[in-house]
Amino acid sequence: MRRKLAAGNWKMNGTRADLAELEALCTAHDGADVDLLICPPFTLITAAAQLCDGHDMRIGGQDCHMAASGAHTGDISAEMLKDAGASAVILGHSERRADHAETSDIVRAKARAAHDAGLLAIICVGESLSKREAQNTLDIIGGQLSSSIPDSATGENTVVAYEPCWAIGTGLTPTPDQIGDVHDFIRTRLEKRFGAGIGRSVRLLYGGSVKAGNAAEIFAVSNVDGALVGGASLKADDFSPIIKALEAEAHAS
Ligand SMILES: O=C[C@H](O)COP(=O)(O)O
């Protein structure tokens, strides 16, 4: 049975004052029923990890370099994330792919670095609106899965997040059937490549305009093991009902 995961991606938001939101989440949720993760900006990782010490709330980064160290001004390695208190890292988010020209090959190298450092790699895949409208969604997702996930992937060190680009921050979401089709496809691809053991143990998250009002419906979809939440993870009052919906689904399934 895969343990469900509620992950928040704060993106380029948050200063030390916002750690009060994290503190509120730690107080409200004990992590008994679902895994909890917040990925704040790099600047808050150490303070966030210290704040969460003694709580079942993990802290993650939003990117890492593929090298362990070296002359890469402005970059952060997986080792550094780990040293700062992170235990996970989001990789290949569509905003990184678009803003920093990250290819799936680069994402795979970063995921390998994350595995080597002992971090959980949350590898993002997702189609653009034009690809969906052209009915190329599964081709795109299949290609991203093949190229972005390293051979070192296991259920313990890898999570795949399906995030349709057109649903991110837009208030638009795919229908439950559309989400189910993609998640079932990802599961089948993982089983084919890694075998049933690993293929069935990798958790699959949905991301894109998840909020309190749609979380329960999304969490009931086949092969959805949780969510990667952006905007609605910034405030405890918004993220908490989403976590509660996932806890309810964990009890029901
Ligand atoms: O990483 C999170 C996703 O990009 C979803 O963001 P959103 O919940 O603001 O749509």
Side-chain angles (χ1 to χ4, degrees), residues 4-14 18 21-22 25 34-42 44-45 48 57-64 81 86-100 102 104 107 110-111 114 119-129 131-132 137 140-141 144 148 158-176 178-179 182-183 186 203-219 221 224-246:
K4 298 192 184 293
L5 170 62
N9 175 10
W10 281 12
K11 308 191 178 183
M12 198 172 72
N13 297 291
D18 296 296
E21 301 297 329
L22 183 56
L25 286 174
V34 304
D35 286 347
L36 304 170
L37 170 72
I38 289 288
C39 299
F42 289 134
L44 293 179
I45 286 178
M57 170 73 74
R58 298 170 74 172
I59 299 301
Q62 300 173 14
D63 178 49
C64 69
L81 283 180
S87 59
V89 60
I90 298 168
L91 295 170
H93 191 284
S94 61
E95 288 153 10
R96 300 270 334 158
R97 291 179 189 257
D99 295 353
H100 300 272
E102 284 191 6
S104 290
V107 174
K110 290 182 172 194
L119 296 180
L120 175 72
I122 300 175
I123 300 173
C124 302
V125 297
E127 82 286 1
S128 65
L129 185 57
K131 295 297 183 191
R132 174 160 285 275
T137 297
I140 295 297
I141 302 297
Q144 290 176 340
S148 303
T158 301
V159 166
V160 174
Y162 168 56
E163 299 207 322
C165 305
W166 51 274
I168 294 175
T170 60
L172 301 172
T173 48
T175 65
Q178 288 172 323
I179 294 173
V182 177
H183 279 242
I186 294 172
R203 290 177 287 182
L204 309 185
L205 306 184
Y206 169 77
S209 296
V210 176
K211 43 190 186 291
N214 61 19
E217 183 180 45
I218 291 170
F219 294 151
V221 173
V224 172
D225 301 312
L228 179 56
V229 182
S233 72
L234 295 172
K235 297 286 177 200
D237 283 349
D238 293 331
F239 199 29
S240 206
I242 295 172
I243 294 171
K244 284 186 183 147
L246 191 60

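Please read these numbers as outputs of a predicted model, since none were measured by experiment. For this chain, numbers begin at 1 and follow the sequence in order. Atoms within a ligand are numbered from 1 in the order they appear, just like the ligands themselves.
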Got a donor-acceptor contact below 3.5 angstrom from the [X] side chain to the [Y] backbone?
X: S233; Y: F239; value: no
X: Q62; Y: I90; value: no
X: N13; Y: W10; value: yes

Return the set of residues passing side-chain hydrogen bond (donor to acceptor under 3.5 Å, both in side chains) with E127 (not counting sequence neighbours), or none when no residue passes.
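In terms of side-chain hydrogen bond (donor to acceptor under 3.5 Å, both in side chains), with neighbours along the sequence ignored, E127 is linked to R132, Y162, W166.
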At a 4.0 angstrom heavy-atom cut-off, what protein residues surround ligand 1?
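Residues N9, K11, H93, E163, A167, I168, G169, G208, S209, L228, V229, G230, G231 each place a heavy atom under 4.0 Å from ligand 1, listed by chain and number.
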Audit row: L234, D18, side-chain contact (heavy atoms from CB on, under 4.5 Å) steps and yes/no
CA-CA 8 Å; L234 295 172; D18 296 296; over 6 Å; no
Do H93 and E163 meet the criterion of a side-chain donor-acceptor pair at a distance under 3.5 Å?
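E163 and H93 do have a side-chain donor-acceptor pair below 3.5 Å.
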